[in-house]
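Indexing begins at 1, ligand by ligand and atom by atom, following the structure's order.
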Amino acid sequence: MTQHAVVISGGGPTGLMLAGELALAGVDVAIVERRATQKLVGSRAGGLHSRTIEVLDQRGIADRFLSEGQVAQVAGFGRIRLDISDFPTRHNYGLGLWQNHIERILAGWVGELAVTFYRGREVTGFAQDGAGVDVQLSDGESLRAEYLVGCDGGRSLIRKAAGIEFPGWDPTISNLIAEVEMIEEPKLGIHRNARGVHSFGRAEYEIRDGQVVFKDVGPVRVMVTEEHVGDSTEPTLRDLSEALIAVCGTDYGIHSATWISRFTDMTRQAAAYRDRRVLLAGDAAHVHYPVGGQGLNIGVQDAVNLGWKLAQVVKGTSPESLLDTYHAERHPVAARVLRNTMAQVALLRTDDRTNALRETMSELLSMDEPRKRFAAMMSGLDIHYDPGPNDGNAHPLLGRRMPVLDLVIVNGSRRVFTLLHDARPVLLNLGQPGGFDITRWADRVRSIDAKYDGAWELPAIGAVTAPTAVLIRPDGYVAWVGDLTQRGLADALTTWFGPPAAA
Ligand SMILES: Cc1cc2nc3c(=O)[nH]c(=O)nc-3n(C[C@H](O)[C@H](O)[C@H](O)COP(=O)(O)OP(=O)(O)OC[C@H]3O[C@@H](n4cnc5c(N)ncnc54)[C@H](O)[C@@H]3O)c2cc1C
């Protein structure tokens, strides 16, 4: 039986990102993917939020995405736009880029790393024991892994076979989405009427003065609210025609559909992200309505949270209990996304009272403080992992994303994110050079002396006191803030990067 340290079921955005993270850490990882190629039928995510661009920047690959997409102010709440151009980040914007391109670029990066692919095959089941997991594939082959991660989407077989509950809320709205030819030309853009929200657009567009300008030619991408919820059959051109007539009074002469699919506001989250040697990430762990464009983004960020932890456990540098911090940190993040999407779905209703509520919300979000808070939430920049027990005076950086700083180090200047390209932890000493001794973690943690005289500012929080030193995790979150007394440093190093090497 072929063995791998980690097998990932599903090579969508989450599985690809996780494989990249594990491969960077030198772990033998394989992806089993149902699709024979990365080609994606249909349109799903429309782009990336600021924090996701930052995590890609931490790996040195953000430019690959930025060069193909359209930079724009994409953050919003219930379709109320939220501008983040004044946020203290190098990426104070979002990126318009369809999911098929995001996956292609991610797969290109993963292809440069040591990742094994089993394409055109499905995981059909697994059995775990104390030492590993036997993973059954649809071609009759089996793989043996130390850990299995289900990145296999909302209908996750891994989640179901592990018996992990998926509690939440049944759908209240249903949408059809399709790419079709039309005899008549509808007014492109997003429309609201008493029947709900619908939209027409084209795959290719440009952002001009902050506005989406669609190409004049090509098939039309249509999204329409269905009259009834709960139809689980494959949607047809006839279903789309009927839905359009019900909402718009005409189907614009639709024909020649390239694809048609359905999505709803079903909102559910896995009760546990881990069952012993089996873990879940991305849509396998959480599903919700796409409003706000967060699903792919939080899936990729799940992967970046899990990757280095799983790598350390596989390599034996950290105990298995480190994996529990994955659920502890990421479950609340998705729970918050579920809550905000449910609130946004309510705001999208088109009755007079909801319209009044949305206008009120819009007024509120035009004020600076609420705008900053909601924009930081929607763009993933406000994530605050619980720093655990502390003396109540924790520095605001603790558990938050490390800001993008331009540092001066021995060989010249360096951006903080560049120090994270190889996905290893860094102790950044901004005080007296050579002031820290972490010899017993030197095999895992890089200690870097640097100078930085600029401001320290966090999105939605504002200026924070300049720290003397910070311990940065491979995912870019701050694990310790302190000074040359090194108080608490050994504990933080042990918690996050394993016990010290023997003296
Ligand atoms: C209409 C729509 C619009 C959206 N817009 C946005 C947006 O703007 N922004 C955003 O962030 N998100 C958006 N999303 C959500 C986003 O598409 C998902 O959150 C994202 O695709 C999740 O990635 P994933 O890798 O976790 O799962 P998936 O993309 O579902 O990938 C799962 C992979 O697993 C494979 N697979 C499944 N079962 C098996 C098996 N048994 N064995 C092997 N392989 C298997 C599948 O082939 C697939 O490749 C949108 C979704 C929809 C439907």
**Q** Give me the ring orientation class for Tyr273 and His327: parallel if the planes are under 30° apart, tilted from 30 to 60°, perpendicular past 60°.
**A**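 Ring orientation, 0 to 90° scale: perpendicular.
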
**Q** Using 30° and 60° as the class limits, which term best fits the ring planes of Phe77 and Phe374: parallel, tilted or perpendicular?
**A**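 Taking Phe374 first and then Phe77, their aromatic rings stand perpendicular (interplane angle over 60°).
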
**Q** Under 3.5 Å, side-chain donor or acceptor atoms of residues 167-177 against the rest of the protein: list the pairs with distances, not counting sequence neighbours.
**A**
from, atom 1, to, atom 2, distance (Å)
Asp170, OD1, Arg268, NH2, 2.6
Thr172, OG1, Asp265, OD2, 2.5
Ser174, OG, Glu226, OE1, 2.6
Asn175, OD1, Tyr289, OH, 2.6
Asn175, ND2, Val224, O, 3.4
Asn175, ND2, Thr225, OG1, 3.3

**Q** Check whether more than 12 heavy atoms from other residues, nucleotides or ligands sit under 6.0 Å from atom CD of Glu234, and answer yes or no.
**A**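 Count not over threshold, so no.
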
**Q** With a 4.5 Å limit on heavy-atom distance, are the side chains of Phe87 and Ser50 in contact?
**A**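 No, too far: nothing below the 4.5 Å cut-off.
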
**Q** So, His286 versus Asp302: side-chain donor-acceptor pair below 3.5 Å or not?
**A** yes

**Q** Which protein N or O atoms sit under 3.5 Å from any N or O of ligand 1? Give atom names and distances.
**A**
from, atom 1, to, atom 2, distance (Å)
ligand 1, 8 (O), Gly46, N, 3.0
ligand 1, 9 (N), Gly293, O, 3.2
ligand 1, 11 (O), Gly293, O, 3.2
ligand 1, 11 (O), Gly295, N, 3.2
ligand 1, 11 (O), Leu296, N, 2.8
ligand 1, 11 (O), Asn297, N, 3.2
ligand 1, 11 (O), Asn297, ND2, 2.9
ligand 1, 12 (N), Gly295, N, 3.4
ligand 1, 12 (N), Leu296, N, 3.0
ligand 1, 17 (O), Arg44, NE, 3.3
ligand 1, 17 (O), Gln99, OE1, 2.8
ligand 1, 19 (O), Asp283, OD1, 2.7
ligand 1, 19 (O), Asp283, OD2, 3.4
ligand 1, 19 (O), Leu296, N, 3.1
ligand 1, 21 (O), Gln99, NE2, 2.8
ligand 1, 25 (O), Pro13, N, 3.2
ligand 1, 25 (O), Thr14, N, 3.0
ligand 1, 25 (O), Thr14, OG1, 3.3
ligand 1, 26 (O), Thr14, OG1, 2.8
ligand 1, 26 (O), Asp283, N, 3.0
ligand 1, 29 (O), Arg44, NH1, 3.4
ligand 1, 30 (O), Arg44, NH1, 3.4
ligand 1, 38 (N), Arg34, NH2, 3.3
ligand 1, 41 (N), Val123, O, 3.1
ligand 1, 42 (N), Val123, N, 2.9
ligand 1, 44 (N), Arg34, N, 3.2
ligand 1, 47 (O), Glu33, OE2, 2.6
ligand 1, 49 (O), Glu33, OE1, 2.7
ligand 1, 49 (O), Glu33, OE2, 3.1
ligand 1, 49 (O), Arg35, NE, 3.2
ligand 1, 49 (O), Arg35, NH2, 2.8

